[in-house]
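For reference, the structure is listed below as structure tokens.
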Amino acid sequence: MTQLPDQKDDYIQMYTHAGACAVISLHGGHLLSWKPLPHSQEQLYLSKTAVLDGSAAIRGGVPILFPHFGSQANSPNHGFARLMNWQCVARITDDNSDTVHLELSNNDETKEFWQADFNLHLIVTLFDSSIDMHYEVTNTGGKEFSFSGGLHTYLRTEDIRQTQLSGLHQCAYIEAGKHYREQQQLVEITCHTDRVYFTGDNETLLQLISPKRCILIESSGFDQTVVWNPWVEGAEQIKDMENHDYLKMLCVESVLATEKVCLQAGQSWSGSQRLKYQES
Ligand code: TA6
């Protein structure tokens, strides 16, 4: 497992009183680690070769995508938010939870890529066996803008060949530009997979089922779910991921991928994703 450098100011350690924990990097506003109770085992994939010094996007955890999903001219893939330093603007703890509120606002660096004035808030709440991520965008300028993005969640699994994803049966999806409808009750990943499922913006409930764990993935607001695994040939092309690591991860991403949301001056939009640990 990747050893996190000991730079306390760049990382926020989250805890519940009963002992669940998580780690957020202020670089990228990025959740790096989540260890829910009762077993305190890592549930997110983080590459051993992930770049954690702030010079590149982090491979694993939960990258924050904004202001666009995927590629766009003159802007980094999946947008600049995962490359920027975020501010922690609030921390609230109580008997059952620990909440960290992060913010990224337009500044000289963001204006190199995008002229809009915005606030992007990420509110992460850790409970004993679950973690909530609330993503909220506000147009703080005088002109409308459109954006896409989301939460590029890398879930950990022991072996992708023994992993299934439930909740997508009969859901329409696009892969490599072609339209399909999911025929499997339990989706199994057997090759390079990069699908945009039209799961809708009401509550979506999926479940990652693997030999040692089940993770419930609940999302709302985001109207699409991307399921991505690079498989062996893709992993070989990714320089910050070991070749065999495609076996250990599945990205289940709550996103706005193919359609942008338009915000008028002063308007806000939000979406959220909750991960819940369940014994399998
Ligand atoms: O969300 C899936 C995806 O867009 C894939 O097409 C794949 O390239 C992946 O994200 C990773 O992108 P990244 O820029 O983090 O290497």
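By convention here, the first residue in the shown sequence is residue 1.
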Completion exercise
Members sharing Ile209's hydrophobic cluster, built from side-chain contacts under 4.5 Å between Ile, Leu, Val, Met, Phe, Trp and Tyr, are Leu186
Handout entry: Exercise: do His121 and His101 side chains pair donor with acceptor under 3.5 Å
Key = yes
Handout entry: Residue list, side-chain hydrogen bond (donor to acceptor under 3.5 Å, both in side chains) with Gln183, at least two apart or on another chain
Key = none
Exercise for the section: Would you please say whether a donor-acceptor pair under 3.5 Å links the side chains of Ser220 and Ser272? Expected result: yes
Exercise for the section: With sequence neighbours left out, write down each residue that passes side chain to side chain contact (heavy atoms under 4.5 Å, CB included) with Thr190, or none if nothing qualifies. Expected result: none
Problem - Side-chain donor-acceptor pair present, Ser166, Gln185, cut-off under 3.5 Å - result: no
Practice task
Output yes when Glu182 and Arg195 qualify as a salt bridge under the 4.0 Å nitrogen-oxygen rule, no when they do not.
Solution key: yes
Problem - Between CZ on residue Arg91 and OG1 on residue Thr99, distance to nearest 0.5 Å - result: 9.0 Å
Practice task
Ignoring hydrogens and angles, state whether a donor on the side chain of Glu188 or Gln164 is under 3.5 Å from an acceptor on the partner side chain.
Solution key: yes
Exercise for the section: For Gln278 and Gln207, test the side chains for any donor-to-acceptor distance below 3.5 angstrom and give the result as yes or no. Expected result: yes
Practice task
Using a cut-off of 6.0 Å, state whether more than 12 heavy atoms not belonging to Asn74 lie near its atom CG.
Solution key: no
Practice task
For the residue pair Thr49 and Ser47, confirm or rule out a side-chain donor-acceptor distance under 3.5 Å.
Solution key: yes
Problem - Distance-only donor-acceptor check, side chains Gln267 and Thr138, under 3.5 Å - result: no
Problem - Qualifying residues under ring-ring contact (aromatic ring centres under 6.0 Å, His included), relative to Tyr180, sequence neighbours excluded - result: Tyr173
Practice task
Answer with yes or no whether the side chains of Arg59 and Tyr154 bring together a donor and an acceptor at under 3.5 Å.
Solution key: yes
Practice task
Return yes if a side-chain donor-acceptor contact under 3.5 Å exists between Thr153 and Gln273, otherwise no.
Solution key: yes
Practice task
Go through the structure and list residues passing side chain to side chain contact (heavy atoms under 4.5 Å, CB included) with Asn243, not counting sequence neighbours.
Solution key: Glu236
Handout entry: Distance-only polar pair, side chains of Ser105 and Asn119, donor-acceptor under 3.5 Å
Key = yes
Practice task
Scan residues 257-280 for pairs that pass ring-ring contact (aromatic ring centres under 6.0 Å, His included), counting only residues two or more places apart or in two chains.
Solution key: Phe147-Trp269, Phe222-Trp269
Handout entry: Side-chain donor-acceptor pair present, Asp128, Thr16, cut-off under 3.5 Å
Key = yes
Handout entry: CA sep, side-chain torsions, deciding dist, call: His152, His78, ring-ring contact (aromatic ring centres under 6.0 Å, His included)
Key = CA-CA 9 Å; His152 196 298; His78 288 316; 5.2 Å; yes
Exercise for the section: State whether Asp108 and Lys111 are salt-bridged, where the test is any N-O pair (Lys NZ or Arg NE/NH1/NH2 against Asp/Glu carboxylate O) under 4.0 Å. Expected result: no
